[in-house]
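Atoms within a ligand are numbered from 1 in the order they appear, just like the ligands themselves. Fair warning: this is a prediction, and the values are worked out from it, not measured in the lab.
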Amino acid sequence: MLELRSNAKINLGLKVLNKRKDGYHNLHSLFLPITLFDRLEFRHNDEITVTTTIDDFVPQELNLCFKAAIALQRFTGTNQGVNIHCEKVIPMGAGLGGGSANAATTLSALKALWNIDISMEKLLSIAVTLGSDVPFFLHNTPTIVGGKGDELTVFPMKEFPYSILLVNPGIHSPTVSAFKSLGRTEDFSADIPDYNDFLHNGSFELFSSKYSLENDFEPILFAEFPILEEIKKKLRSFGADFSIMSGSGSTMLGLFSSKNDGELLQSAYQYFRDIYPSTYIVHCILT
Ligand code: C5P
């Protein structure tokens, strides 16, 4: 039996660039792995089966752990199976990449459990067929993500001097319609922030104001769900140095400097936790 933690991610800034011929969009974003985990168990089995702790579990065939296991089985031609059990903590449809993380964890786990000799390059090529965030989770380190999600440039961040407060108000944001609402054309172009500035001066607050760092999905979601913009402002009024939406929503996050003694963070946490049960204090995973 193998037991692994499968962590979420946040996006610190998300630019949606032009629409591609394959129907996807080119992106530019800083992805950070964070300390919010699902727990996955992998046991040898004749078939591939998935169980979870979620009440309204979608049919197994639509589960990303199941799809990842099938994809690896087909690619390698192995006849081994697995039972995967997922203890779900990461909110779903929340812009935190929970499903994609589970798919990447499944690929890594089955490489070991099935004793498969497969290169990282091949695993990455399987990963991108499962979802555009899945390749990032195979590396699982701070990364500038480009292309449709498959162009990965490791971001050599030595420290991240912030605690992160996640506030998920339970609004489900369908990714496909969020992309459609942006109405991007094939020749759309936009400036992208130079994250190396952040590496050099270490202050995310300065960096983000210099580049007016944003998540392009915010205006779309804020128009439909004004509460999200209120949460963003409230995070700032509680003393967050920076607040932004993650992914295609709807989790809002605030960065609280490690320099203060944590009081601001604690009072923000208590305020939001009373209203939204899916409120978490997390940290960036650097290695
Ligand atoms: O790859 P994933 O399953 O996460 O994507 C879901 C949908 O989001 C895609 O089918 C596509 O409509 C949209 N998408 C996009 N450009 C991306 C990633 C996703 O248009 N880079």
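For the side chain to side chain donor-acceptor pair (under 3.5 Å) with Asn83, the lone residue among Thr49, Asp46, Asn45 that qualifies is Thr49.
Cation-pi geometry between Lys234 and Tyr271 is satisfied (NZ or CZ under 6.0 Å from the ring centre, within 45° of the ring normal). Both tests hold for Arg184 against Phe188: distance to the six-membered ring centre under 6.0 Å, angle to the ring axis within 45°.
In summary, the side chains of Asn201 and Ser203 do not present any donor paired with an acceptor at a separation below 3.5 Å, with no hydrogens or angles considered.
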Are there any protein N or O atoms under 3.5 Å from the N or O atoms of ligand 1? List them with distances, or say none.
from, atom 1, to, atom 2, distance (Å)
ligand 1, 1 (O), Ser132, N, 2.8
ligand 1, 1 (O), Ser132, OG, 2.6
ligand 1, 4 (O), Ser132, OG, 3.4
ligand 1, 16 (N), His25, N, 2.8
ligand 1, 20 (O), His25, N, 3.4
ligand 1, 20 (O), His25, ND1, 2.7
ligand 1, 21 (N), His25, O, 2.8
ligand 1, 21 (N), Lys148, O, 3.0

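Evaluation of the salt bridge (Lys or Arg N to Asp or Glu O under 4.0 Å) test over residues 67-88, restricted to residues two or more places apart or in two chains, returns Asp38-Lys88, Arg39-Glu87.
Ring orientation note: the planes of Tyr211 and Phe207 are tilted relative to one another, at an angle of 30° to 60°.
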